[in-house]
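Throughout, protein chains are lettered first and strands after them, A, B, ... in sequence-line order, and every chain is numbered starting at 1. Because the structure is predicted, anything quoted here is derived from the model rather than measured.
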2 protein chains.
Amino acid sequence: MASPDKPTSFDIAALAGVSQPTVSRALRGDPTVNEGTRKRIEAIATQIGYKVDKNASSLRRGQSSTLALLFFEDPLPDGTAINPFFLAMLGSILRTCAKRGYDLLTSFQQLSSDWHKDYEDTRKADGLILLGYGDYELYRARLQDLVRQRTHFVRWGSVELDGLGTTIGCDNMLGGRLAAEHLLSRGRRRLAFIGEASSHYPEFRDRYHGFCDTQLEAGIEPDPRLQIGALSIEESGFEAARQLLANKVPFDAIFAASDLIAIGALRALQEAGKSVPGDVSVVGFDDIPAASLTHPPLTTIAQDYNAAGEALVDTLIGEIGNHSAEIRLLPPRLIVRKTS
Amino acid sequence: MASPDKPTSFDIAALAGVSQPTVSRALRGDPTVNEGTRKRIEAIATQIGYKVDKNASSLRRGQSSTLALLFFEDPLPDGTAINPFFLAMLGSILRTCAKRGYDLLTSFQQLSSDWHKDYEDTRKADGLILLGYGDYELYRARLQDLVRQRTHFVRWGSVELDGLGTTIGCDNMLGGRLAAEHLLSRGRRRLAFIGEASSHYPEFRDRYHGFCDTQLEAGIEPDPRLQIGALSIEESGFEAARQLLANKVPFDAIFAASDLIAIGALRALQEAGKSVPGDVSVVGFDDIPAASLTHPPLTTIAQDYNAAGEALVDTLIGEIGNHSAEIRLLPPRLIVRKTS
DNA sequence: AAGGCAAACGCATACGTATTCAGCGCTGCT
DNA sequence: AGCAGCGCTGAATACGTATGCGTTTGCCTT
């Protein structure tokens with residue numbers, strides 16, 4: 001009504017008795033603007049509620065001060081919840097972006113779609129953060145496209161895909177070792193592993209490797225019959241644990257490749273009348289929020305999602321500013337609760 | 001290297017032997033462009049990897065095809081996880097945005113900050129989705145600002161704040177009734193409620209009202225000593241349940257105002273040696289993902305976050321297109337698991 | 001044969017900001 | 001007095017797209 005259109009820098013200029021470029025300079029903090037002039041301009045701007053039009057600004061500057069966060073997962077039954085570990089990371093990513101003056105575009109894609117072309121190309125974002133697991137062949141192809149297009153991006157995950165951009169990940173081998181050390185220190189000797197250990201799931205495979213290495217160093221030969229494949233959902237963990245029980249190969253501990261798997265395994269053990277941690281110790285991985293809510297609360301290997309989110313954002317911003325790409329491994333940490 | 005700069009519509013125009021405006025029209029699907037011409041332009045565009053610059057496009061069109069999602073919560077101990085119910089909604093909001101051709105900017109704010117000025121004013125978003133609980137006085141002031149600035153927004157929450165924009169919420173009264181009906185049908189007669197029931201927490205208050213109304217209709221006078229305040233965190237539910245037990249007022253069921261509270265209450269009951277559901281039935285509210293993972297799995301009143309997210313996005317898009325504002329109440333649903 | 005009409009397209013320009021370059025007034029130095 | 005240099009500002013323009021309006025062409029009408 002009073003002001004039908006949003007004010008522009010020209011309006012401010014007119015009111016302040018200066019030219020539009022001076023307004024732009026003043027508001028961006030250019031030191032060539034006289035201090036008094038800047039004060040006057042800023043006062044007028046806040047008074048009439050002027051805000052820089054970020055579309056025009058981005059167009060002119062060639063950058064948008066926006067990052068895009070892409071969740072993707074391949075076998076996506078519609079309505080499926082997003083991986084809780086990634087969701088937990090979201091909070092820290094959001095906070096870090098805010099601190100650094102970036103906005104965050106969020107998107108949820110199927111790995112098989114064309115997500116890799118949709119953001120930086122359209123100039124809506126200066127760089128991409130990729131969070132997702134899935135078919136590693138397809139993933140590799142997408143990453144190659146991104147590298148070819150010189151898109152700025154960082155990725156969370158296994159450090160497997162070398163040369164394909166910057167990766168930040170958890171030291172999964174170390175995580176596996178921590179789990180094994182802990183279980184051994186509790187007197188357990190027949191350690192089972194639930195989770196896919198093939199090269200299609202490098203994170204899980206590394207966790208398993210570390211887990212086995214530590215056992216070997218302690219003079220224990222890991223029994224391959226105690227490794228059961230499972231995907232990172234509760235149901236899959238439940239099934240795998242049932243199968244483990246059905247196999248009748250004795251075991252006194254389970255290291256689950258993720259907390260969701262561990263939760264499913266817990267359920268299977270309890271339904272089978274096993275006491276946790278009396279008969280069987282259980283250790284999970286991730287430390288998702290639900291891990292402390294299980295009964296009994298789950299001992300797990302925590303990935304520090306606060307540090308992870310911050311590292312992703314800061315590394316990406318560095319990358320955009322043409323700083324060197326690097327690979328960063330974050331150390332996991334053992335959280336002892338009541339299942340071990 | 002080969003193409004140092006990203007291609008523009010002028011490049012496409014030159015290659016196709018037409019003018020730039022024709023390229024723009026062709027790619028936007030303008031029917032005045034000849035079918036053959038469009039095909040040719042589209043072929044060239046995909047071939048050289050052209051993408052519309054959304055900054056320029058947004059600037060010219062005066063809209064960004066982007067929505068902004070704002071989480072906020074007031075007492076924000078740094079590092080706190082975001083409310084899991086809102087997080088669960090995120091997936092459906094993302095999917096709906098994608099379906100409707102919108103991008104989503106996500107942000108995490110403190111209620112006390114200036115979030116309400118930061119998005120639509122800068123033209124980065126066409127509208128706002130607000131998710132958050134908190135101090136209702138402060139909230140009201142913020143909403144008034146938004147209305148005054150004619151910002152497009154929708155809000156999830158209690159329908160309390162009438163006239164302040166469009167609100168979508170769960171029918172909390174009905175949810176309370178469902179909980180009471182269910183517990184009564186299980187033969188329970190001494191029903192407790194854990195959660196703040198003051199007007200500062202309209203959602204909880206409404207749940208409590210519906211809960212009491214149904215009891216009254218069944219000829220049962222709700223005992224005010226069986227209502228204990230609690231905020232929506234696990235710890236608070238734990239404390240409240242302990243207090244309830246300490247009061248020595250007999251009860252055979254607990255309706256918790258949220259699942260997090262219910263999870264805390266479960267823990268308190270089990271530590272006190274009470275059997276669930278043998279001695280005490282427990283019903284939660286929200287149906288967060290963790291609800292099915294408790295032991296025993298939690299009976300709860302589900303808010304359909306898929307429907308909620310879709311409703312929020314679609315209503316906001318309607319609002320942007322100047323369709324009438326409305327208030328929508330979504331029905332909750334009873335999910336019977338093992339705690340009742 | 002002349003006028004009318006619709007389809008298809010080009011010209012010019014606007015969106016609001018940021019930056020380059022030039023200009024102005026002034027000080028200080030030779 | 002003349003000139004370099006500095007501090008500050010304005011004029012002009014570029015960023016890439018979308019759109020109002022006018023123009024061309026071919027075809028149909030009477």
Side-chain angles (χ1 to χ4, degrees), chain A residues 3-42 44-45 48-66 101 119-126, chain B residues 3-42 44-45 48-66 101 119-126:
Chain A
S3 58
D5 296 324
K6 305 241 166 164
T8 73
S9 50
F10 284 95
D11 299 329
I12 309 287
L15 288 172
V18 296
S19 70
Q20 177 271 331
T22 300
V23 173
S24 174
R25 279 190 278 253
L27 297 179
R28 306 206 90 238
D30 188 316
T32 71
V33 172
N34 181 288
E35 194 53 29
T37 311
R38 155 172 312 114
K39 285 275 167 59
R40 190 156 36 96
I41 290 175
E42 280 172 350
I44 295 175
I48 71 173
Y50 168 78
K51 292 277 174 181
V52 172
D53 182 321
K54 292 208 185 174
N55 288 316
S57 177
S58 298
L59 173 60
R60 178 60 234 246
R61 296 193 305 152
Q63 56 167 335
S64 57
S65 294
T66 300
Y119 286 94
E120 192 172 344
D121 272 11
T122 62
R123 306 244 181 211
K124 277 194 90 157
D126 298 336
Chain B
S3 59
D5 297 324
K6 304 241 167 162
T8 74
S9 50
F10 284 95
D11 298 329
I12 309 286
L15 288 172
V18 296
S19 70
Q20 177 270 332
T22 299
V23 173
S24 174
R25 280 190 275 254
L27 296 179
R28 304 205 91 238
D30 189 314
T32 71
V33 171
N34 181 288
E35 195 53 29
T37 311
R38 154 171 313 114
K39 286 274 167 59
R40 189 155 39 95
I41 290 174
E42 280 171 350
I44 295 175
I48 72 173
Y50 168 78
K51 291 279 174 183
V52 173
D53 182 321
K54 293 207 185 176
N55 287 316
S57 177
S58 297
L59 173 60
R60 179 58 232 247
R61 297 193 305 151
Q63 57 166 338
S64 58
S65 294
T66 300
Y119 286 94
E120 191 173 343
D121 272 11
T122 61
R123 306 246 181 207
K124 278 195 89 157
D126 298 335

- [ ] Taking the side chain as every heavy atom from C-beta outward, state whether A/Lys54 and A/Thr66 have any atom pair closer than 4.5 Å.
- [x] no

- [ ] Find the distance B/Asp30:CG to C/dA6:P and express it as a whole number of Å.
- [x] 17 Å

Open item on the list: What is the distance, to the nearest angstrom, from the CD atom on B/Gln20 to the P atom on C/dC11?
Closed with: 11 Å

Open item on the list: Looking only at the side chain of A/Leu59 (C-beta and beyond, no hydrogens), which of the listed nucleotides D/dT17, D/dC15, C/dG10 gets closest?
Closed with: D/dC15

Open item on the list: Need to verify one output field. Residue with the more 5' nearest nucleotide on DNA chain C, A/Tyr50 or B/Glu35?
Closed with: B/Glu35

TODO: Quickly work out the A/Lys54 NZ to C/dC15 C1' distance and round it to whole Å.
DONE: 18 Å

Task: Salt-bridge criterion met for B/Lys39 and B/Glu42 (N-O under 4.0 Å) - done: no

TODO: May I have the distance from A/Asn34 (atom CG) to D/dG7 (atom P), rounded to whole angstrom?
DONE: 12 Å

Task: N/O donor-acceptor pair, side chain B/Arg61 with base D/dA18, under 3.5 angstrom - done: no

- [ ] Counting heavy atoms from C-beta on, name the nucleotide in C/dA12, C/dC9, D/dG16 closest to the side chain of B/Pro21.
- [x] C/dA12

TODO: Indicate, yes or no, whether a donor-acceptor pair under 3.5 Å links the base of D/dG10 to the side chain of A/Arg25.
DONE: yes

TODO: In whole angstrom, give the distance that lies between atom CZ of A/Arg60 and atom C1' of D/dT17.
DONE: 16 Å

Open item on the list: Are A/Leu27 and A/Val23 packed together at the side-chain level, in the sense that at least one heavy-atom pair is separated by less than 4.5 angstrom?
Closed with: yes

Task: Sugar-phosphate, base or nothing in reach of A/Ser58, heavy atoms under 4.0 Å - done: nothing

Task: Closest to the A/Ala56 side chain, choosing from C/dA18, C/dG16, D/dA18 - done: C/dG16

- [ ] Check every atom of D/dT9, C/dT17, D/dA12 against the side chain of A/Val33 and return the nucleotide holding the closest atom.
- [x] D/dT9

Open item on the list: I want to check one thing: is the phosphate of D/dG10, taken as OP1 and OP2, less than 4.0 Å away from some side-chain N or O of A/Thr22?
Closed with: yes

Task: Contact under 4.0 Å: B/Thr32 side-chain N or O vs C/dA8 OP1/OP2 - done: no

TODO: Report yes if a side-chain nitrogen or oxygen of A/Thr8 is closer than 4.0 Å to either non-bridging phosphate oxygen (OP1 or OP2) of C/dG16; otherwise report no.
DONE: no

Open item on the list: What contact category does B/Val18 fall into here, base, sugar-phosphate, or nothing, at under 4.0 angstrom with non-hydrogen atoms?
Closed with: sugar-phosphate

- [ ] Output yes when at least one side-chain N/O atom of B/Ser24 is less than 4.0 Å from OP1 or OP2 of D/dT17, else no.
- [x] no

Task: Atom-to-atom span, CZ of B/Phe10 to P of C/dA12 - whole angstrom - done: 12 Å

TODO: Report which part of the nucleic acid A/Ser57 touches: base, sugar-phosphate, or nothing (heavy-atom distance under 4.0 Å, all strands).
DONE: sugar-phosphate

Open item on the list: Check this one for me: any side-chain N or O of A/Arg28 less than 4.0 Å away from OP1 or OP2 of C/dA18?
Closed with: yes

Task: Between D/dG16 (P) and A/Arg123 (CZ): distance, integer Å - done: 7 Å

Open item on the list: Rounded to whole Å, how long is the line connecting atom CG of B/Leu27 with atom P of C/dC9?
Closed with: 13 Å

